[in-house]
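Below: the structure, in structure tokens.
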Amino acid sequence: MRQIYEHKIFRRSKEFKDKKILLDCGMFQGKDEDLNLEEFEINPSEIDFLFLSHSHIDHSGRVPLLVKRGFKGIIYSTKPAYELCQIMLVDSAHIQETEAEWKNKKAKRTGRALVEPMYTQQDAMDSFKYFKPVLYEQLVDVNENITICFKDAGHILGSAIIEMWFKDDDNTMKLVFSGDLGMDKEPLLKDPSIIDKADYLIMEATYGNRIHQNVEQRTEELIEIILQTIKRGGNVIIPSFAVGRTQQLIYELNKYYDKKCKINGSENLLSKIQVYVDSPLATKATEIFKQNVNVFDEEAKEFLFNGDHPLQFENLHFTQSAEESKELNISREPKVIISASGMCEAGRIKHHLKHNLWRKESSIVFVGYQAEGTLGRKIVEGEKIVKVLGEEIRVAAEIHNLEGFSGHADKLALLKWLKGFKEKPKKVFVVHGEAQSKADFAAEITKELGINAIVPVYDHLYNIKTYKENEEKTDGVVSQVEEIALDITPNKMSDNLLSDTEKLKNIFNEAIISAEKYLNKESLNLEDYKKIKNRILELEQDILSLTSISINNK
Ligand SMILES: [Zn+2]
């Protein structure tokens, strides 16, 4: 995710006091992977704060790269998100290192230039010292002008909606970043917090144009698939995100294995079926979940009070070594294997796919979002032959896609959350999701709630500063020009931009002096007054935006 909000405090003395804040610092997955190594839009050493919504790699994955490239600020996140980042970023680094090693082996043979991993495990560990974990609902004064508060987003352990208040003299502007929002009644997690108000909202739309089917029956469906597959003598392979989804699956399976839920006498059959979590990362993550039961929802706490840990049951096993993992494919005993990565791009899941995709008696069950361009997406979309670990494999296994397990709120849940605002935001910036999903959801917001919603254009600068101090004088007209998008991308800027901006500023200053004189004349009618004032403000905002672009390009 590449959202940058720059907080500028404009002093009357024409002095700027900039604080640069980054919201999330994720890794591109699938078809946009190449973008990961591009320069950050802002020099990392100039970024003061990173507010991190949650630990998923598409939100936190480039934090070590940010630090490697000079970030020295503070990273705010919830405590569980910080703890999960500690294992996830090291794991991500390990994947980067392995991939670079593999590419270099090939490069040496073909004489091509060697590559470096995006970041190493040491880089990941170096980034942890910049974290400042906070509690849910804690009001944190970042400095004298900026206050933040993390509220539960119900998407993954430690996930947060971030409320931010920016004070500028007597005015305050409240910006809210939704992060990723969960569905209501997600296993283990509380429902997404309702937010009272925001001046501006940055909101995700992963499922902005989809409605999840079978949310109620999803676990029954899964149990049914497990029973049928085992009867055929096949394995059930579940590619799952190591962190979050895996623990939710364990939690749901625990209910059936502990005979609290039954379907067609399933408890007798299930007692013979072993479940393996084959992902070192998922195993570590499960431990972190167990250490953070205080943020679990009521139902999960109830299990604990009754002496049944909701994240363990007799038939559940966590494999550790690579040997144990290999053993799973050697033994002929039908079983359930939950393995990562969730989109089948890396990790042990690839071995399990290699051994099971071609077996018509096995089942592959997807329980999460599959990004465009990933192996998981190809399988879900019905490709008949796929490449796994360099080998072409025929797809003969049953493919299931249980959308009901999605950790992301669907269109209806997103709208419901938005309707919870007592005071509507002035504008919603729709981010995070495929292009069509974002566009459809922005249109839906405007249609359903009458709120101005846009999909921000990549590389455009949006100035959302409000000028409340002028509002009385101008009858509230100013609010019409609070956002101006500049149709200029930094890389197209001329070298002379800084001096041009300087000239423009001088012209502007002269113009404003003569305009002020004119504006004070009582003969001026209100309409003309508003027009001129608006034009001045537009110019002022253009200059602010231009100045920040040229400073960033220096
Ligand atoms: Zn997420």
Side-chain angles (χ1 to χ4, degrees), residues 1-3 22-30 32 36 50-63 75-89 91-92 136 150-162 176-184 186-193 202-208 210 212 239-249 279 281-282 285 288-289 292 295 340-343 345-346 366-372 374 376-377 403-411 413-414 417 430-434 437-438 441:
M1 298 242 310
R2 304 180 151 206
Q3 296 126 15
L22 190 61
L23 300 178
D24 287 355
C25 188
M27 195 183 276
F28 292 94
Q29 288 162 316
D32 292 331
N36 285 322
L50 164 59
F51 301 157
L52 190 62
S53 69
H54 65 292
S55 56
H56 276 149
I57 286 300
D58 60 331
H59 293 257
S60 73
R62 282 192 300 163
V63 167
I75 303 169
Y76 287 94
S77 78
T78 65
K79 174 184 160 285
Y82 166 58
E83 289 172 3
L84 288 174
C85 276
Q86 285 184 308
I87 58 167
M88 292 173 80
L89 295 177
D91 180 76
S92 166
Y136 279 128
F150 286 71
K151 297 237 164 107
D152 204 328
H155 164 69
I156 181 191
L157 189 85
S159 68
I161 299 160
I162 308 172
V176 172
F177 173 41
S178 73
D180 283 355
L181 296 167
M183 289 290 278
D184 282 350
E186 277 290 306
L188 281 168
L189 304 173
K190 290 179 181 156
D191 291 349
S193 308
I202 300 172
M203 183 173 182
E204 72 120 332
T206 310
Y207 283 108
R210 301 275 291 273
H212 296 325
S240 172
F241 300 104
V243 184
R245 192 59 37 80
T246 297
Q247 291 71 29
Q248 293 185 333
L249 282 170
S279 151
L281 180 62
I288 292 176
F289 271 66
N292 284 284
V295 297
S341 71
M343 297 190 200
E345 287 292 273
F366 289 92
V367 290
Y369 177 74
Q370 304 299 314
E372 278 179 277
T374 59
R377 179 75 161 243
E403 254 191 34
F405 272 106
S406 175
H408 282 277
D410 63 5
K411 180 178 106 175
L414 289 171
W417 180 75
V430 180
V431 298
H432 200 46
E434 285 170 15
S437 180
K438 288 186 285 195
F441 190 62

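In listed order, ligands and their atoms are each counted from 1.
His408 lies apart from the Zn ion (ligand 1) in this respect, since none of its N, O or S atoms is found at a distance under 2.8 Å. Residue Asp58 does not count as close to the Zn ion (ligand 1), with no N, O or S atom under 2.8 Å. Distance check for His54 against the Zn ion (ligand 1): an N/O/S atom falls below 2.8 Å.
Taking CD1 of Ile161 as the start and CZ of Phe177 as the end, the distance is 10.5 Å to the nearest 0.5 Å. Atom CZ of Arg62 sits about 11.5 Å away from atom OG of Ser92, to the nearest 0.5 Å.
The N, O or S atom of Asp180 lying closest to the Zn ion (ligand 1) is OD2. The N, O or S atom of His155 lying closest to the Zn ion (ligand 1) is NE2. The N, O or S atom of His56 with the smallest distance to the Zn ion (ligand 1) is ND1.
A donor and an acceptor atom, one from each side chain of Asp180 and His54, are located under 3.5 Å apart.
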_Worked check of side chain to side chain contact (heavy atoms under 4.5 Å, CB included) between Leu52 and Cys85_ = CA-CA 10 Å; Leu52 190 62; Cys85 276; 3.8 Å; yes

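The heavy-atom pair separating Ala413 from Met183 by the smallest distance is CB-SD, 3.9 Å.
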